[in-house]
Amino acid sequence: MPRYTNQQVAQIFNQIADLSEIKGEIIYRVLAYRKAADSIANLGRDINEAWQAGKLQEIPGVGPAIADKIGELLSSGQMTFYNKLTAEVPPSLVEVLGIPEVGPKKTRAMWQTLGLTSLAEVKTAAEAGQLRALPGFGPKTESKILAGIEALASRATDRVHMGVAFPVARELVTALARLPQVRRVNYAGSLRRFCATIGDLDILVASGDPVGVMSAFRQLPQVESTLLSGETKTRVRLLNGMEADLRCVDETQWGSALQYFTGSQAHNVKLRELALKRGFSLSEYSLRGEDNSEIRFAEEEEVYQALGLPFIEPELREDRGEIEAGLRGELPRLVSIHDIRGELHCHSTWSDGQASIEEMALSAEARGYEYLVISDHSQSLGMTGGLGPERLREQRAEIQAVQERLHRLRLLHGTEVEIKGDGSLDFSDHVLAGLDFVVASVHSGLRQDRDTITARVVRAMRNPHVHAIGHPSGRLLTRRDESAVDLHEILRISAETGTMLEINAAPDRLDLDDAHVRRAVELGVRLVINTDAHRPRDFDNLLLGVATARRGWAGVEHIANTLPFEALLDRRKGGV
DNA sequence: GCCGTTTTCGGCCCGACTGTTTTCAGTCG
């Protein structure tokens with residue numbers, strides 16, 4: 001019988017939601033499936049384990065009916081409800097629903113009146129001019145559908161990581177800030193929440209001349225075409241293929257608008273429900289009382305304050321319990337970038353880095369770090385020019401020499417040692433014992449099956465000289481999925497052995513991810529935030545790693561490199 | 001289908017824009 005991962009179970013419920021919606025099911029039932037799917041995808045603990053512990057209904061959005069369906073799936077590999085639904089509503093309709101501008105009503109119309117059940121069939125019908133005859137359809141809808149199918153085919157992936165999105169967002173914000181009629185401007189949306197990947201850019205402007213701002217926005221050199229444009233809202237496609245939304249409000253409404261436009265949608269829905277309970281109606285413009293009185297908020301903090309909540313940091317706004325915690329006064333005090341005292345994982349020209357040890361050290365010192373560990377690759381990762389024991393000894397001499405030219409920074413000698421295919425390490429225990437800090441990582445054999453790759457990492461974690469596991473899942477955002485490694489087991493072993501888990505801050509990694517950071521925090525696992533810098537400017541990525549930690553509700557106490565190095569060393573496992 | 005400091009039943013956010021319409025439904029975020 002297949003074993004289902006959290007992602008697979010979540011995908012099934014998302015599919016149930018889509019098919020139910022096309023079928024015409026009560027929308028709240030559909031939303032319930034979506035909420036459950038989102039919770040499961042971001043659970044951080046293994047759904048199989050939660051099921052065996054009888055704790056499925058502790059998952060937010062999972063009640064008796066959905067818990068039964070999960071239980072049936074995990075125990076038998078079947079879900080009767082799903083089988084009946086897919087027999088009734090062709091599953092390929094999900095891809096039709098995926099066409100931009102096509103929602104459940106149009107999907108249903110095409111299916112029930114023309115019998116269209118797939119992208120290919122819809123395309124053929126549109127090309128034959130058959131769609132415009134349907135009620136609610138017209139020539140424009142028909143051509144939009146064709147263009148939408150085109151776009152789906154040409155677009156390999158529709159999300160980018162923050163390393164791509166941030167520079168573009170900054171360019172747009174800078175350009176808008178130069179407009180004389182613009183009073184305030186900021187990016188919002190998933191970028192402001194520091195989601196690992198970004199679908200489109202959301203930018204907010206305060207101005208008394210929204211029409212002028214919209215017009216100027218459409219004419220920016222980065223803009224390829226305008227997708228929609230009204231008086232206060234414009235969506236464009238950029239030259240790099242991304243889409244960007246611009247909203248404009250009055251300066252007196254900035255706080256409400258920034259709160260709304262930052263999202264997430266689920267967070268906003270929960271916040272608006274809370275407002276209703278308090279006798280208000282919350283929108284992106286204001287808070288309206290039952291007597292239709294209107295309160296405007298120029299600052300975001302005031303929105304939360306008016307609802308009896310402390311300020312909720314953007315990284316937490318995912319409807320993962322932050323509003324409830326805020327009401328109870330139990331929001332975590334999140335780690336901040338200023339709390340980070342040192343870096344435990346970076347490279348130099350001794351392996352695949354782009355800068356010398358001295359350049360890296362001087363940059364770290366200039367950034368105010370107290371300590372820096374040089375941790376070049378080990379020899380079996382051949383293409384990086386990894387070090388063997390001999391060169392490792394030579395490197396130590398250079399580190400000591402550079403140390404003498406530094407003022408405050410403590411420069412330390414470490415390694416990113418390869419976890420080999422069988423779980424053994426690239427250096428002997430004797431060599432590892434001579435290093436200040438050891439990160440162990442998997443770079444090869446990432447396609448091994450779950451049990452094999454997990455056993456490999458666990459073996460490394462049980463080595464007393466291994467202090468941290470680097471980028472535990474091995475994912476490369478938008479390029480490579482995580483390995484099959486059982487992170488739930490890794491978290492458990494980490495808590496048991498005291499081996500730290502890295503939050504790798506490289507924009508295409510962010511690994512551990514936010515959901516597993518959250519679970520790590522719950523389990524008392526020790527985390528480190530490392531940039532894995534290969535050149536001085538990579539240290540800038542620290543912000544992304546810290547944001548990922550914050551998205552996982554981590555405080556200073558959970559992050560080992562917020563400690564002075566002596567304290568960090570004292571608390572190394574084994575107490576060495 | 002889920003959920004509870006108004007509820008174990010009756011709620012479940014709010015608004016912009018477009019296209020197809022003669023006042024609104026559908027989609028999106």
Side-chain angles (χ1 to χ4, degrees), chain A residues 13 16-17 20-22 24-39 56-70 81 97-110 131-145 148 188-190 193 198-204 210 214 226-236 243-249 253 256-257 259-288 290 307-308 319 323-324 327-328:
Chain A
F13 279 102
I16 288 175
S20 302
E21 196 174 12
I22 293 166
E25 186 58 85
I26 301 165
I27 189 62
Y28 299 112
R29 190 173 287 188
V30 173
L31 293 174
Y33 291 131
R34 293 224 167 91
K35 170 64 186 166
D38 184 67
S39 281
L56 285 177
Q57 290 193 50
E58 290 180 13
I59 301 169
V62 175
I66 291 180
D68 279 353
K69 291 178 172 67
I70 297 171
F81 174 80
L97 186 63
I99 303 171
E101 315 286 332
V102 173
K105 302 291 168 58
K106 287 199 166 68
T107 302
R108 180 180 164 86
M110 292 188 281
L131 296 185
R132 64 183 66 189
L134 295 175
F137 288 61
K140 287 194 174 177
T141 304
E142 198 172 66
S143 57
K144 273 194 170 182
I145 287 175
S190 51
R193 302 199 311 279
I198 310 296
D200 55 16
L201 299 174
D202 298 304
I203 298 173
L204 179 66
M214 294 301 138
T226 302
L227 300 174
L228 64 84
S229 190
E231 290 186 8
T232 64
K233 174 176 167 175
T234 290
R235 175 177 302 151
V236 299
E243 292 179 9
D245 277 357
L246 180 71
R247 286 289 292 266
C248 185
V249 296
Q253 299 168 315
S256 293
Q259 191 288 315
Y260 156 76
F261 215 24
T262 297
S264 65
Q265 188 167 355
H267 174 87
N268 287 351
V269 167
K270 190 64 74 73
L271 209 59
R272 288 170 178 206
E273 285 173 358
L274 180 67
L276 284 174
K277 285 181 199 161
R278 301 263 199 273
F280 296 102
S281 169
L282 178 66
S283 77
E284 57 263 53
Y285 300 113
S286 65
L287 189 66
R288 271 202 304 273
E290 279 161 339
L307 295 172
D319 187 26
I323 291 174
E324 294 83 348
L327 287 171
R328 293 194 306 268

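Convention: sequence-line order gives letters A, B, ...; per-chain numbering from 1.
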query = Nearest to the side chain of A/K140 - B/dG1, B/dT27, B/dG19?
reply = B/dG19

message = Measuring from the side chain of A/D245 (C-beta onward, heavy atoms only), which nucleotide among B/dG1, B/dG29, B/dT20 has the closest atom?
response = B/dG29

Write down the distance separating the [atom1] atoms in [N] and [M], rounded off to the nearest Å.
N: B/dA16; M: B/dT21; atom1: P; value: 24 Å
N: B/dT6; M: B/dG11; atom1: P; value: 16 Å
N: B/dT7; M: B/dG1; atom1: P; value: 25 Å
N: B/dC2; M: B/dT8; atom1: C1'; value: 12 Å
N: B/dT20; M: B/dG26; atom1: C1'; value: 10 Å
N: B/dG4; M: B/dC13; atom1: P; value: 15 Å

ask   = What is the base-pairing partner of B/dC14, counting Watson-Crick and G-U wobble geometry with both distances under 3.5 Å?
value =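 Its partner is B/dG29.
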
Pair [X] + [Y]: basic N to acidic O under 4.0 Å:
X: A/E21; Y: A/R108; result: no
X: A/K106; Y: A/E101; result: no
X: A/R278; Y: A/E273; result: no

Which part of the nucleic acid does [X] contact within heavy-atom distance under 4.0 Å: base, sugar-phosphate only, or nothing?
X: A/P139; answer: sugar-phosphate
X: A/P64; answer: sugar-phosphate
X: A/V102; answer: sugar-phosphate

task = Could you pull out all residues at least two apart from A/Q259 that satisfy side chain to side chain donor-acceptor pair (under 3.5 Å)?
result =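 Side chain to side chain donor-acceptor pair (under 3.5 Å) check on A/Q259 returns A/N268, A/Y304.
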
query = For A/K35, what residues pass the side chain to side chain donor-acceptor pair (under 3.5 Å) criterion, not counting sequence neighbours?
reply = A/D319

Gap separating the CG atom of A/L204 from the CG atom of A/L246, nearest 0.5 angstrom = 8.0 Å

query = Between A/A67 and A/E101, which has a closest nucleotide on DNA chain B that is more 5'?
reply =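 The residue mapped nearer the 5' terminus is A/A67.
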
ask   = Closer to the 5' end of DNA chain B via nearest nucleotide, is it A/K106 or A/F137?
value =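 Closest to the 5' end, via its nearest nucleotide, is A/F137.
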
message = Please tell me if A/K277 has a side-chain N or O lying less than 4.0 Å from either OP1 or OP2 of B/dG11.
response = no

message = Strictly below 4.0 Å: does A/K144 bring a side-chain N or O up to OP1 or OP2 of B/dT18?
response = no

inquiry  = Checking the side chain of A/S39 only, and the main-chain atoms of A/P60 only, is there a donor and an acceptor separated by less than 3.5 Å?
reply    =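 At least one qualifying donor-acceptor pair exists.
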
inquiry  = With a 3.5 Å distance limit and no angle check, can you tell me whether A/E142 reaches the backbone of A/R132 through a side-chain donor-acceptor pair?
reply    =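 Pair found, side chain donor or acceptor close to backbone of A/R132.
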
Would you kindly give the [atom1]-to-[atom2] distance between [X] and [N], to the nearest whole Å?
X: A/D38; N: B/dG1; atom1: CG; atom2: P; value: 19 Å
X: A/F261; N: B/dG29; atom1: CZ; atom2: C1'; value: 8 Å
X: A/L271; N: B/dG29; atom1: CG; atom2: C1'; value: 16 Å
X: A/K105; N: B/dT20; atom1: NZ; atom2: C1'; value: 15 Å
X: A/I70; N: B/dG1; atom1: CD1; atom2: P; value: 12 Å
X: A/L227; N: B/dT27; atom1: CG; atom2: P; value: 18 Å
X: A/E21; N: B/dG26; atom1: CD; atom2: C1'; value: 11 Å
X: A/I27; N: B/dC28; atom1: CD1; atom2: P; value: 12 Å

message = For the CD atom on A/E231, are there more than 12 heavy atoms of other groups (residues, nucleotides or ligands in this structure) within a distance under 6.0 Å?
response =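 Not more than 12 within 6.0 Å, no.
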
query = When every nucleotide of nucleotides 12-17 of chain B is labelled 5' to 3' by its protein contacts under 4.0 Å (heavy atoms), B for base, S for sugar-phosphate only, - for none, what sequence of letters results?
reply = BBBSSS

